[in-house]
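Residue numbers begin at 1 in each chain, while the letters A, B, ... track the order of the sequences.
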Amino acid sequence: MAAAFWTRFRDGRGIWPAVPAFVFLTIFFIIPMAVLLSFGFTEIERGRIQDSGFTLRYLTGTLQDDLFWWVWWKSFYIGILSTLLCFLLAYPLAYLYSESGRTMRLLILVLTISPLLTSAIVRTYAWLVLLGGRRGVVNSTLIELGVISRPIRMLNTDFAVIVGMTQVHLPFMVLPLITVLAARDRNMEAASLGMGASRLATFFKIVLPLSTPGIVAGLTIVFALSYTNFIIPQLLGGGGFTTLAVQVYEQIVVVLNWSKGAMLALLLLGSCFVFILLIGLAGNRVMRWSQKEAA
Amino acid sequence: MIEANGVNKHFGSNHVLRDCTISVDTGEVVTLLGASGCGKTTLLRCIAGFETPDSGSLVLANQDVTRLPPNRRDVGFVFQNYALFPHMTVAENVAYGLKARKTAKETIRAEVDKVLDLVSLTEFARRYPKSLSGGQQQRVALARSLVLHPKVLLMDEAFNALDAKLRGAMQIELRKIVKHVGITAVCVTHDQAEALTISDRIAVMAEGRIQQFAAPDQIYDKPASAFVADFVGAANILPRKSAERFKTAHKSLNGSGALVIRPENFALSPSSQGGGVKGEVVFARLTGPAMEYEIALADGTILRALVDRDRQEPLAVGSTVEITIRNPDACVPLPGTA
Ligand SMILES: Nc1ncnc2c1ncn2[C@@H]1O[C@H](COP(=O)(O)OP(=O)(O)O)[C@@H](O)[C@H]1O
Ligand SMILES: [Mg+2]
């Protein structure tokens, strides 16, 4: 028994290979996270736990607050819209990549990855310049061209936030899609075309469904990033603009109400997990053919 | 039904097909046989329309299709790995082409049932390809093509993914189904036994050229070149000088060039009486119903001989034998070679 245990340990079988990462994550992520979230169930004032008693006051208070639900809805729809926009932009790009020669592939890959080398905050500031008031690049161009006579309000709108998020998160959608599309079996398409299906039908019935793993990965990552991003909404949404993630930031850093902030963070995290789970389940449903059936 | 005339194809500087000309009659099963990389798949893909020849023409059912795309050629193509759609059930896979043609629902149901019955897969209709064995997947691929009643069925190494035992059975099965349907078929393989099993005629290919195009018995009995003789079945290819040694026993061994003698055409006698060629058994192997020997002649030439066990008791390695030819007329001279 002990010998078998030792052999497994030495040969790196079973769960052992995962142990170092698990220990690291437990110490530096799971425990601090648990401590932070536990603040949502205690009374804290001026950074000090007031009485160590357990309270559900913040949970019930938040869930009964109409403002919370309104903010939640805003986070949700901003997250969903920018994720979908990312998908619609990324899929054709990834498809183009999979159909291209070596030079074009390299170009697409470099253009996709290089934005990740600059800070997301810097890129968000760039949108301030582009979308900003009368002098903004977009407005001044449209006015010069005579398309509009007075500047349109673009900054400090949902539109600005969604555009900003889409741009910042696009690489995370493109990369998993590139992976599945470039590795796909071209004979499937040849077979479909050979049986008389059109190119369009072949795309929607063969290529698209078979890229489900990449789609699920991309949607999951980008939704999680968009739903929890608190910088872009603050910079591009303007003062009055708020999402759940922004609320967490404000409660903890500005208002210093750690209990409320922790509770909001818990709800943000929990709901994010639920959506990711739903995306995953939907993906599994589409992918049910990949499970082995009982013979 | 199919005519390929002087088809040439290059991939970059790689001249893959060189003046390939074959003509396939209606209802005939033809196999392109050759070593890996000789251009079989490329020729098949040209016929299917997945590749366009650089020069030469392709005629299907009296229509020049050289420039037509695959979907307008009325051919069925069975891919090397079958290319079944993994996210569709067997029935959906088979119905795919009919749906693309906007066939009526009831017709699709009836046709799919009929063809699944033909390939004995009725009970697997609702399963996904992943849960089927290799042989079953192959029959799905076949059914998926046959259901569209194409003029021509094209199959690329259709048995490669199957294990050896199943392969033989599936080849016979395929030949029966194809003959039952009466469809014209072109298959590709590197396995000579498979070619002999399934074909009415075989086109032996090497380096992008068709070496010989004839019925299986012709290919085996009258190989046109040393390559064909060696590739299809086992062969002893004796240079003319060695062949002359058999002349004392067999006056009728005429003709010029090297001589092809099949291993089963040798008779080995342990005693020395009949003016045959002397040799020593250097290797013996049981192949089942027959013994296979390697026999070294005095000049070092090694001959392979195959002797039915009910004709002769096995000979021991090291024993001296006298070799004669059983049927001198079955030896094939290859004029123009040494
Ligand atoms: N799409 C292609 N691009 C470049 N070279 C190819 C392509 N397809 C085949 N070839 C080359 O053509 C030759 C013949 O290939 P193929 O027809 O697949 O041979 P076979 O099927 O007889 O094994 C090989 O040398 C192969 O590398
Ligand atoms: Mg091939």
Within a 6.0 Å radius of atom [atom1] on [X], are there more than 12 heavy atoms belonging to other residues, nucleotides or ligands?
X        : atom1 : value
B:Asn62  : CG    : no
A:Phe273 : CZ    : no
B:Lys179 : NZ    : yes
A:Arg199 : CZ    : no
A:Phe203 : CZ    : yes
B:Arg72  : CZ    : no

| field | Leading residue by heavy atom contact count with chain B [cutoff under 4.5 Å; candidates A:Ala191, A:Ser198, A:Pro209, A:Ala197] | value |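 Highest number of heavy-atom pairs under 4.5 Å: A:Ala191.
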- request: Could you check which of A:Leu193, A:Thr202, A:Leu210 has the highest count of heavy-atom pairs closer than 4.5 Å to chain B?
  value: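 When all of A:Leu193, A:Thr202, A:Leu210 are compared, A:Leu210 has the most.
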So which of B:Pro70, B:Pro86, B:Ala83, B:Ala141 has the largest heavy-atom pair count under 4.5 angstrom toward chain A?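 If we count pairs closer than 4.5 Å to chain A, B:Pro86 comes out on top.
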Chain B contact via [X] - side chain, backbone, both or neither, heavy atoms under 4.5 Å:
X        : answer
A:Asn187 : both
A:Ser192 : both
A:Ile206 : both

Report task. Can you measure from NZ (A:Lys205) to CE (B:Met88) and round to the nearest 0.5 angstrom? Result ->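 These two atoms lie 7.0 Å from each other.
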[X] versus chain A, heavy atoms under 4.5 Å apart: side chain, backbone, both or neither?
X        : result
B:Asn81  : side chain
B:Arg144 : both
B:Val78  : neither
B:Phe85  : both
B:Leu98  : neither

What residues of residues 21-47 of chain B make heavy-atom contacts with chain A at a cutoff under 4.5 angstrom?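 Near chain A, by residue number: B:Arg45.
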request  = Quick one: do B:Phe79 and A:Met188 satisfy side chain to side chain contact (heavy atoms under 4.5 Å, CB included)? Show the steps, please.
outcome  = CA-CA 9 Å; B:Phe79 287 86; A:Met188 300 280 170; over 6 Å; no
